[in-house]
There are 2 protein chains.
Amino acid sequence: MVQKRFFGSSAEMYLKTIAELAHEREPVPVTSVADRLGISTVSASEMIHRLEDRKFVKHRPYKGVYLTAEGRRKANGVIRRQRLWECFLTNGLGIPWEHVHDFACQLEHATDPVVTEALADYLEHPATCPHGNPIPTADGEMPALEGVPLVNLMPGEKGVILRIHPVSEELVKHLDERGISPGREIEVTEIAPFNGPQSIEVGDEIHVLGREVAAHVMVQQAADTR
Amino acid sequence: MVQKRFFGSSAEMYLKTIAELAHEREPVPVTSVADRLGISTVSASEMIHRLEDRKFVKHRPYKGVYLTAEGRRKANGVIRRQRLWECFLTNGLGIPWEHVHDFACQLEHATDPVVTEALADYLEHPATCPHGNPIPTADGEMPALEGVPLVNLMPGEKGVILRIHPVSEELVKHLDERGISPGREIEVTEIAPFNGPQSIEVGDEIHVLGREVAAHVMVQQAADTR
DNA sequence: TTATTATATTAGGTCATCCTTATAATATCA
DNA sequence: TGATATTATAAGGATGACCTAATATAATAA
Ligand SMILES: [Mn+2]
Ligand SMILES: [Mn+2]
Ligand SMILES: [Mn+2]
Ligand SMILES: [Mn+2]
């Protein structure tokens, strides 16, 4: 018999998702949690009640959910496991970075703390995952998030891609096909009128990115040297 | 949305367990499956019905259960994943071999085929797990099992430890504490009367092993050179 | 062959995690 | 402020995986 867990991979996914969405807005609307997880709002609501019973989240009706300190710790643990596995899958196993997200999302729920820390040692404690997102510490702290959303840059402004928000494999693939990955230097060449898409110069190519997409790309903005 | 699976980790454990027990006796009594999984016979019986509906096993009432070809393929897939992870956890991460069994038993249910094969490449396609058990092929075939049970050796007979049946972490620890691991040369020095325990010489120490334990240790018997 | 034992099934739960449909309550915008 | 849109809850189900207690049936040993 393995030890009885208080919750399974489903609850872990809720916590992780809430933690991720909290970077965009807090409290996190239950609806957005449901959307992100592809689950009905009724089911999401149910689960959030259970998580509240267990003191992992606090729900303000009609406002949204917050993680408690304990919930954040748990969520960061899941995120740590996912991002460490992402590192191993890309650097160790050579799986393309746009595919590792989902694979790691399975492994993250099946990884003992002993294995997690042994893996961290093995990888020599990387600071970020292949998508540039910081890896939480072993005691559940999330490092500060650097950078500004690419969508905020105006034409003529330059920067270096820092990280891509962990939303979905589709997003990463979309960006990868356009040469957008952590470390690349970019320049916004144009913004279409009426809140239209941005044109981005990467290397010597120019790609057009929708605002929704560009909102998930974080950049280190270059000092304006004119 | 991830793909909808027909069964979860529980059903995989049943298939793996049936495959393992089938080496000792076939058909496999439902009771022994239940015992090995630490589950009531009623529950095991229910699950075996479900597995039969899905054509993974065939149940002969009052006799036991067989794997179908498809069930064996599935079971060998699980075993392949477990043993590959065991290799990585010991050789890659440096986790002691007596601990990797349970960790790998979690990971085996969360590993995509793409990851499995990338891992096999990475490990350079090992033939056996750290316990000496052969790793099934990518298409679900189990290599032939060599060796005879240590418990069958008579006093004076020698051999080399080939593998330890994948039963439990306790068994492995018990053996490890007595210096019994794959590759070691041993000699049976004595068998206590009335089907008693065997005394085994390993290196220059002598350890006493119960018959139950010794039945799970497989050896390559040395030619009797007298 | 009968008594004992092993095995299976029936009945009636629990719990986590999902669903749809319908209704109630709140927020927000005009 | 009142209408509309969001959000929450209530009601009733489903499924997979587990449980105990009681009963039925087949296998086997005396
Ligand atoms: Mn996940
Ligand atoms: Mn990542
Ligand atoms: Mn397992
Ligand atoms: Mn093994």
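To find a chain, count down the sequence lines: A is the first, B the second, and so on, and within it residues start at 1. Note: hydrogens, waters and symmetry copies are ignored here, and every other heavy atom, side chains too, is used.
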Discussion item. Hydrogens and angles aside, do B/H125 and B/D121 bring a side-chain donor and acceptor to less than 3.5 Å of each other?
Written reply: yes
Worksheet item: Between the base of C/dA6 and the side chain of B/Y62, is there a donor-acceptor distance below 3.5 Å?
Response: no
Discussion item. Expressed as a whole number of angstroms, how long is the span from A/M13:CE to C/dA16:C1'?
Written reply: 17 Å
Response to the item:
DNA chain D nearest-nucleotide lookup for A/H59 and B/E46: closer to the 5′ end is A/H59
Worksheet, complete the sentence: From CD of B/E12 across to C1' of D/dG16 the rounded distance in Å is 14 Å
Item to complete: Using a 4.0 Å heavy-atom cut-off across all strands, classify B/S10 as base, sugar-phosphate, or nothing.
Response: sugar-phosphate
Discussion item. The side chain of A/I39 is closest to which nucleotide in this list: D/dC19, D/dA10, C/dC18?
Written reply: C/dC18
Practice prompt. Take the protein atom CZ of A/R50 and the nucleotide atom C1' of C/dC15, then report the distance between them rounded to whole Å.
Written response: 9 Å
Worksheet item: Side chains of B/E157 and B/Q221: do they bring a donor and an acceptor to under 3.5 Å?
Response: yes
Discussion item. OP1 or OP2 of D/dA26 versus the side-chain N and O atoms of B/R60: is any pair under 4.0 Å?
Written reply: no
Discussion item. Regarding B/T31, tell me which of base, sugar-phosphate or nothing describes its non-hydrogen contacts under 4.0 Å with the strands shown.
Written reply: sugar-phosphate
Worksheet item: Rounded to the nearest Å, what distance is computed from the NZ atom of residue B/K63 to the P atom of nucleotide D/dA26?
Response: 12 Å
Worksheet item: What nucleotide, of C/dT9, D/dA10, C/dT17, holds the atom closest to the side chain of B/H49?
Response: C/dT9
Worksheet entry | B/S40 side chain, from C-beta outward: closest of C/dC19, D/dT20, D/dG16 | D/dT20
Discussion item. With a 4.0 Å cut-off on N to O distance, would you call A/E141 and A/R80 a salt bridge?
Written reply: no
Practice prompt. Take atom CD of B/E26 as the centre, draw a 6.0 Å sphere, and report whether it contains more than 12 heavy atoms from other residues, nucleotides or ligands.
Written response: yes
Worksheet item: Does A/P61 or B/V30 map to a spot on DNA chain C nearer the 5' end, using the closest nucleotide for each?
Response: B/V30
Practice prompt. Return the value, rounded to whole Å, for the distance between atom CG of A/L51 and atom P of C/dC18.
Written response: 11 Å
Discussion item. Quick check on C/dA8: is either OP1 or OP2 less than 4.0 Å from any side-chain nitrogen or oxygen of B/S45?
Written reply: no
Worksheet entry | B/P29 vs A/Y14, nearer the 5' end of DNA chain C by closest nucleotide | B/P29
Worksheet item: Can a side chain N or O of B/S43 be found less than 4.0 Å away from OP1 or OP2 on D/dC19?
Response: yes
Item to complete: Give a yes-or-no answer on whether the side chains of A/E169 and A/H101 include a donor-acceptor pair shorter than 3.5 Å.
Response: no
